[in-house]
Amino acid sequence: MHDADREEESHTLLGDEGPRIGQAMRLGFVAGVIQRERIPAFEQMLWRVCRGNVFLRQTEIETPLEDPSTNDQVHKSVFIIFFQGDQLKTRVKKICEGFRATLYPCPETQAERREMAIGVMTRIEDLQAVLGQTEEHRQRVLSSAAKNVRVWFIKVGKLKAIYHTLNLFNLDVTQKCLIAECWCPVQDLDKIQMALRRGTERSGSSVPSILNRMDTTEAPPTFNKTNKFTEVFQGIVDAYGVANYREVNPAPYAIITFPFLFSVMFGDLGHGFIMFLFGLWMVLFEKKLIKLAQDDIFGMFYGGRYIIMLMGLFSMYSGFIYNDIFSKSLNIFGSAWNVSKMEWYNTTKFPPNEPMKTILDQDGLLQLDAAKCYRGTPYPFGIDPIWQISDNKLNFLNSLKMKISIIFGISQMTLGIVLSLFNHSYFKNRLNIYCEFVPQLIFLMSIFGYLVLMIFIKWFAFDAVSGKIAPSLINTLIDMFMFQAPQLKLYGGQVGIQSLLVIIAVITVPWMLFVKPFILRNEHNKRFQLAIKYRDVRMLRNGGLGDETAEVMHHDELQRQDSASSEDMMDQQTRSEPEFDFTEIFTHQAIHTIEFVLGCISHTASYLRLWALSLAHAELSEVLWDMVLGIGLTMENGFGFAIIWAGFAVWAVISVAVLIIMEGLSAFLHTLRLHWVEFQSKFFIGEGYAFKPFTFEFDTSREME
């Protein structure tokens, strides 16, 4: 084998140096790696430059290598080039350098190559050991750091928040202390002072922090203290608009009125109980469910868990009033109707002791006649269960629910107007009290308050027997505006009282429209004349009169003007006011008057949605029961059990998905509109801005994200 090597090495290659006969030449070689796609051009270049006097062998590297500069995966090939002579060696290396091939040193003898391979393997093993130890050390460091990373994020977030706030401070003239102006609740001034004092003591500073209360003409922000229960109601109000500073906050009233009006539309004892259980479950396990609240959909339900619980509770109450549980009724106290006195009951078609079920199965109709079968004593609580199987149920329920919708609507609008009185009184706007609150209340009570009064008169003046001849409220209201005598009267002197109420309501419209703008113009003219007289006094003083005379004239004029002007005008004089524009004020008052007058009519009609959605919910519940569970319940054979078993699942899914979720969302949106438009528009301006105190909560959560 040694001879064969010698023999191979003794062959000479044709080159520029020419043949060297009788002289043994050793072959030189270089080895390296090159990108796989450059191999064809690389091989062609070697052949042309070296004139075929080199021998190239290459093979592909199966595993892609990582480029240390770009971290990209690159496919490469390993090659070895044999040549003879230093001149070819120089050419080969330049070609390799041009094709960006990486050359690696390789010993010429086999022993040296074996020794080098052993050294490389040893270094690889050492590097693998170092990498393994480094990986283990990094894992330990990261594991220990993971325990503190949240604390570090919180600390960094707090430091960023503190320094960001400090950047808002101003330096004083001496450049030695910081001055800041901020808003804070008045009742928390003592807490802030104690916190500043405690911070001074802990920092070891000899200069205490000074807190002074300043007077300003800027409108302060609005701050309403909330807890986890009242937060959702305050959020509903703030979604419409943030209250002005010291303006009446509708949120405390919405805690009762919002779930109550929702229950009027959603009234069902069974559906309300399911909603109440869902809200109660979120309230009881609120700490465990806080992680699930990160989801957008469940987060909305979780945020409103208290209002969902209240809506379900109030819906149970309304469902008990409606005597409606999954479209069925509960006969707790016994019906106040005796259907055996009906004419069709005593016919020869049915025996005297025939069960009611047999009669209803054959005839299918039950028309209740109060004059014949009403016992005179009403059902103790809620609606009598006999109406559930009555054929004229809708006529009775429509009349009842329509009337209570009007009563609740007028009551809530009246509450809104009364709350406007508190706003006017606090801000000392006596002109608004006499020119807005009083005529608005009179207008609402003259027409719609009288309508509510007629509803109660009709309920108390007519019983079940005389109810057939009771006058229609709609016709009575039309006759009232037409100044006509109704065909059927509710009480004596009705025509005169109704005519007087219409006249009073008509008078309040120009009262709201004209009085306030002209009073404001008169006050402006008085202030203008006062300014002219005050200027004349100053001119007399400068013109030569004595100081005492001028001062007396000035004091007398001011005193006469003060005694002639109202207290409200003097309050307005102390405040900076925009330029007076009578046209703009009159236009604004006209818009406000038209909006209120038309709004009373449209808002009253809008409250009829309470009746409409309640009727729709009850009818959908009844149709679902009859079309799904009713089929199986009416079957008397064994096959009906299978129908009930399969139908119950369908009924339960549709009840939850449609009647509870979709109908509940619809009732929620309608309740939201009633509060925003019909209720809050009577007193709520909502043009303030929220108080945003310095806190770490928002900054910390943002840093963690």
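Quick note: numbers below take in every heavy atom, side chains included, and nothing from hydrogens, waters or symmetry partners.
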J.: Within the supplied structure, the quantity of interest is the number of heavy atoms (other residues, nucleotides, ligands) at a distance under 6.0 Å from Ile210 CD1; does it exceed 12?
T.: no
J.: Is it the case that the side chain of Asp295 and the backbone of Phe298 share a donor-acceptor pair, with hydrogens and angles ignored and the cut-off at 3.5 Å?
T.: yes
J.: Determine, using ring centers only, whether Phe684 and Phe679 are less than 6.0 Å apart.
T.: no
J.: So, do Phe586 and Phe514 have ring centers that fall under 6.0 Å from each other?
T.: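 Between Phe514 and Phe586, which both carry aromatic rings, the centre distance is below 6.0 Å.
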J.: Please check this pair: side chain of Asn323 against backbone of Gly382, looking for a donor-acceptor N/O pair closer than 3.5 Å.
T.: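 Flag not set: sc Asn323 to bb Gly382 has no pair under 3.5 Å.
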J.: Would you please say whether a donor-acceptor pair under 3.5 Å links the side chains of Ser399 and Lys403?
T.: yes
J.: Are there over 12 heavy-atom neighbours, none belonging to Glu181, within less than 6.0 Å of that residue's CD?
T.: no
J.: Without hydrogens or angle criteria, can the side chains of Glu286 and Tyr302 be said to hold a donor-acceptor pair below 3.5 Å?
T.: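 There is no such pair (donor and acceptor under 3.5 Å, judged by atom type) between the side chains of Glu286 and Tyr302.
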J.: Which of parallel (below 30°), tilted (30 to 60°) and perpendicular (above 60°) describes Trp676 and Tyr240?
T.: tilted
J.: Would you check if there is a donor-acceptor pair between the side chains of Thr230 and Asn227 at a distance under 3.5 Å?
T.: yes
J.: What pairs meet the side chain to side chain donor-acceptor pair (under 3.5 Å) rule with one or both residues in residues 441-451, with sequence neighbours excluded?
T.: Tyr450-Tyr491, Tyr450-Gln498
J.: Within the distance-only criterion (no hydrogens, no angle test), does the side chain of Thr165 pair as donor or acceptor with the backbone N or O of Ala161 below 3.5 angstrom?
T.: yes
J.: Output yes when a side-chain donor or acceptor of Asp384 lies under 3.5 Å from a complementary backbone atom of Tyr379, and no otherwise.
T.: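 Side chain of Asp384 to backbone of Tyr379, a donor-acceptor pair under 3.5 Å: no, none is there.
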J.: Do other residues, nucleotides or ligands put more than 12 heavy atoms under 6.0 Å from Phe691 CZ?
T.: yes
J.: Start with the C-alpha gap between Ser318 and Ser263, add the side-chain angles, then the distance that decides, and say whether side chain to side chain donor-acceptor pair (under 3.5 Å) holds.
T.: CA-CA 6 Å; Ser318 297; Ser263 67; 2.9 Å; yes
J.: Is atom CZ of Phe229 surrounded by more than 12 heavy atoms (other residues, nucleotides or ligands) closer than 6.0 Å?
T.: yes
J.: Looking at the rings of Tyr245 and Phe223, which for Trp means the six-membered one, are their centres under 6.0 Å apart?
T.: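 Between Tyr245 and Phe223, the centre distance exceeds or equals 6.0 Å.
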J.: Under 3.5 Å, is there a donor-acceptor pair between the side chain of Ser602 and the main chain of Leu598?
T.: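 Side chain of Ser602 to backbone of Leu598, a donor-acceptor pair under 3.5 Å: yes, one is there.
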J.: Do Glu231 side-chain atoms and Lys228 backbone N/O form a donor-acceptor pair below 3.5 Å?
T.: no
J.: Would you say the side-chain atoms of Tyr322 pair up with the backbone N or O of Val264, donor to acceptor, closer than 3.5 Å?
T.: yes
J.: Can you tell if the side chain of Thr604 reaches within under 4.5 Å of the side chain of Met413, non-hydrogen atoms only?
T.: yes
J.: Closest approach of Ile661 and Ala657, non-hydrogen atoms and distance?
T.: CB-O, 3.5 Å
J.: Take Gln440 and His592 through the side chain to side chain donor-acceptor pair (under 3.5 Å) test and state the conclusion after the steps.
T.: CA-CA 11 Å; Gln440 286 177 0; His592 183 72; 3.2 Å; yes
J.: Evaluate whether atom NZ of Lys191 has more than 12 neighbouring non-hydrogen atoms of other residues, nucleotides or ligands under 6.0 angstrom away.
T.: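 For Lys191, atom NZ is not crowded (no more than 12 foreign heavy atoms under 6.0 Å).
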J.: Taking all atoms of both residues into account, what is the closest heavy-atom pair of Leu473 and Ile455, and its distance?
T.: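 Heavy atoms only, the tightest pair is CD1-CG1, 3.4 Å.
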J.: Write down the atom of Lys516, the atom of Cys435, and the distance for their closest heavy-atom approach.
T.: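 Reported closest heavy-atom pair: CB-CB, 3.9 Å.
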J.: So, do Glu436 and Leu431 sit near enough that their side-chain heavy atoms are less than 4.5 Å apart?
T.: no
J.: Nearest heavy-atom pair of Phe668 and Ile307: which atoms, and what distance?
T.: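 Where Phe668 meets Ile307 most closely, the heavy atoms are CE1-CD1, 4.3 Å.
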J.: Verify ring-ring contact (aromatic ring centres under 6.0 Å, His included) between Phe260 and Tyr317, making sure each step is shown before the conclusion.
T.: CA-CA 9 Å; Phe260 178 74; Tyr317 172 78; 7.4 Å; no
J.: Quick one: list whatever passes ring-ring contact (aromatic ring centres under 6.0 Å, His included) with Phe437, sequence neighbours left out.
T.: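 Listed in chain order: nothing, the list is empty.
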J.: For His675 and Phe258, take the angle between the two ring planes, folded into 0 to 90°, and tell me which bin it lands in: parallel under 30, tilted 30 to 60, perpendicular over 60.
T.: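 Answer is tilted, since the angle falls between 30° and 60°.
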J.: Using every non-hydrogen atom in the two residues, find where Val509 and Thr593 come nearest and quote the distance to one decimal.
T.: O-CG2, 3.9 Å
J.: Which residues pass the ring-ring contact (aromatic ring centres under 6.0 Å, His included) test with Trp459, not counting sequence neighbours?
T.: Phe456
J.: Quick check on Phe648: does its CZ atom have over 12 non-hydrogen neighbours (other residues, nucleotides or ligands) under 6.0 Å away?
T.: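 Count not over threshold, so no.
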J.: Under 4.5 Å between any side-chain heavy atoms of Phe408 and Tyr607, yes or no?
T.: no
J.: Ser315 side chain to Asp268 main-chain N or O, any donor-acceptor pair under 3.5 Å?
T.: no
J.: Within the distance-only criterion (no hydrogens, no angle test), does the side chain of Ser405 pair as donor or acceptor with the backbone N or O of Leu610 below 3.5 angstrom?
T.: no
J.: Once the angle between the rings of Phe381 and Phe320 is folded into 0 to 90°, is it parallel (under 30°), tilted (30 to 60°) or perpendicular (over 60°)?
T.: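 Answer is tilted, since the angle falls between 30° and 60°.
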J.: For atom CD1 of Ile290, decide whether the heavy atoms of other residues, nucleotides or ligands shown that lie under 6.0 angstrom number more than 12.
T.: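 No, because the 6.0 Å sphere around CD1 of Ile290 holds 12 heavy atoms or fewer from other groups.
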J.: Just by distance, no angles: are the side chains of Gln388 and Asp324 close enough, under 3.5 Å, to form a donor-acceptor pair?
T.: no
J.: Can you tell me if Asn423 uses its side chain to pair, donor with acceptor, with the backbone of Val248 under 3.5 Å?
T.: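 Pair found, side chain donor or acceptor close to backbone of Val248.
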J.: If every non-hydrogen atom of Ile404 is compared with every non-hydrogen atom of Lys401, which pair is closest and at what distance?
T.: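 Taking Ile404 first and Lys401 second, the nearest heavy atoms are CG1-O, 3.2 Å.
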J.: Are Gln234 and Thr226 close enough, and set up right, to give a side chain to side chain donor-acceptor pair (under 3.5 Å), and what steps lead you there?
T.: CA-CA 8 Å; Gln234 190 63 53; Thr226 58; over 6 Å; no
J.: Quick one: does Asn170's side chain get under 4.5 Å of Leu178's, heavy atoms only?
T.: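 With C-beta onward as the side chain, the pair stays apart.
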J.: Mind running side chain to side chain donor-acceptor pair (under 3.5 Å) on Tyr253 and Gln680 for me, showing each step along the way?
T.: CA-CA 11 Å; Tyr253 306 97; Gln680 293 180 190; over 6 Å; no
J.: Just wondering, do Met275 and Ile660 contact through their side chains at under 4.5 Å, heavy atoms?
T.: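 Ile660 reaches Met275 side chain to side chain.
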J.: Does a side-chain N-to-carboxylate-O contact under 4.0 Å join Arg673 and Glu678?
T.: yes
J.: Just checking Leu665: does its CG atom have more than 12 heavy atoms from other residues, nucleotides or ligands closer to it than 6.0 angstrom?
T.: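 Result for CG/Leu665: enclosed.
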J.: Using the ring of each side chain (for Trp, its six-membered ring), is Phe326 parallel, tilted or perpendicular to His271, with breaks at 30° and 60°?
T.: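 Answer is perpendicular, since the angle exceeds 60°.
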